[in-house]
Amino acid sequence: MNIMLLKGNLTRDPELRSVTTGEKQTSVVSFTVAVSKEFTRANGNQDKIVSYIQCEAWDSGAEAISASFRKGDLVIIEGSLGNDSWEKDGVKHSTLKVRVNNFAKITRTNKKKVAEDVSEEAVAF
């Protein structure tokens, strides 16, 4: 089973490009998601680890992501982990990236404003 589920912020605007396979033009978008994990060390200090995950989406998903995602957006990405490898100047290179299957942009609300808009009379229990 190869399933990746990420929640994080885009580190840059998505980059949309077009690739040709045979006679068909296909859209592909690349972007990076910063995923953080907060934890408490043995000495009681709070710390955070940030991982930067490269992602790519193809076809209509690529176009939708390019149109709606921007740097800093909080997103959820579901996909599969893949390995890209290539050779340049006789040196072999490889990188891991997530091939996106599903995605969502999380919109943030101003909690203080929402709290001010709700009166005690409007809350039913």
Below 30° counts as parallel, above 60° as perpendicular, anything between as tilted: where do the rings of Phe103 and Phe69 land? perpendicular

Let me check something: do Met4 and Leu96 share a hydrophobic cluster, defined by ILVMFWY side-chain heavy atoms less than 4.5 Å apart, either directly or through other members? yes

Return the CD1 to OG distance between Ile49 and Ser36, rounded to the nearest 0.5 Å. 10.0 Å

How about OH on Tyr52, more than 12 heavy atoms from neighbouring residues, nucleotides or ligands closer than 6.0 Å, or not? no

Would you say Ile53 ends up clustered with Val28 if hydrophobic residues are merged whenever their side chains have heavy atoms under 4.5 Å apart, either directly or through other cluster members? no

Hydrophobic clusters here meaning ILVMFWY residues chained together by side-chain heavy-atom distances under 4.5 Å, can you tell me if Ile65 and Ile76 are in one? no

How about Thr20 and Gln25: does a side-chain donor come under 3.5 Å of a side-chain acceptor? yes

So which heavy atom on Ala62 is nearest to which on Ser27, and how close? CB-O, 3.7 Å

How many angstroms lie between atom CD of Glu78 and atom CG of Leu6, to the nearest 0.5 angstrom? 9.5 Å

Looking at Lys37 and Phe39, what are the two nearest heavy atoms and their distance? O-CD2, 3.8 Å

Main-chain N/O of Asn45 paired to Asn43 side chain as donor or acceptor, under 3.5 Å: yes

What I'd like to find out is whether the side chain of Ile77 reaches to under 4.5 Å of the side chain of Phe31, using heavy atoms alone. yes

Euclidean distance, Lys105 NZ relative to Leu10 CG, rounded to 0.5 Å: 9.5 Å

Arg17, Arg12, Glu56, Glu15 screened by side chain to side chain donor-acceptor pair (under 3.5 Å) with Ser30, the one that passes: Arg17

In terms of hydrophobic clusters joined by side-chain contacts under 4.5 Å, are Trp58 and Val100 together? no

How long is the span from the CG atom in Leu81 to the CD1 atom in Ile3, to the nearest 0.5 Å? 12.0 Å

Tell me the closest heavy-atom pair linking Asn101 and Gly79, and the distance in Å. ND2-CA, 3.6 Å

Asp13 (side chain) donor-acceptor with Lys71 (main chain) under 3.5 angstrom: yes

Minimum heavy-atom separation for Ala34 to Val50, with atom names? CB-CG1, 4.1 Å

Evaluate the criterion side chain to side chain donor-acceptor pair (under 3.5 Å) for residue pair Gln54 and Thr32; output intermediate values, then yes/no. CA-CA 4 Å; Gln54 293 182 33; Thr32 303; 5.9 Å; no

Does Thr95 form a side-chain contact (heavy atoms from CB on, under 4.5 Å) with His93? I'd like the steps, not just the answer. CA-CA 7 Å; Thr95 187; His93 301 272; over 6 Å; no

Crowded around Lys7 NZ? As in, over 12 foreign heavy atoms under 6.0 Å? no

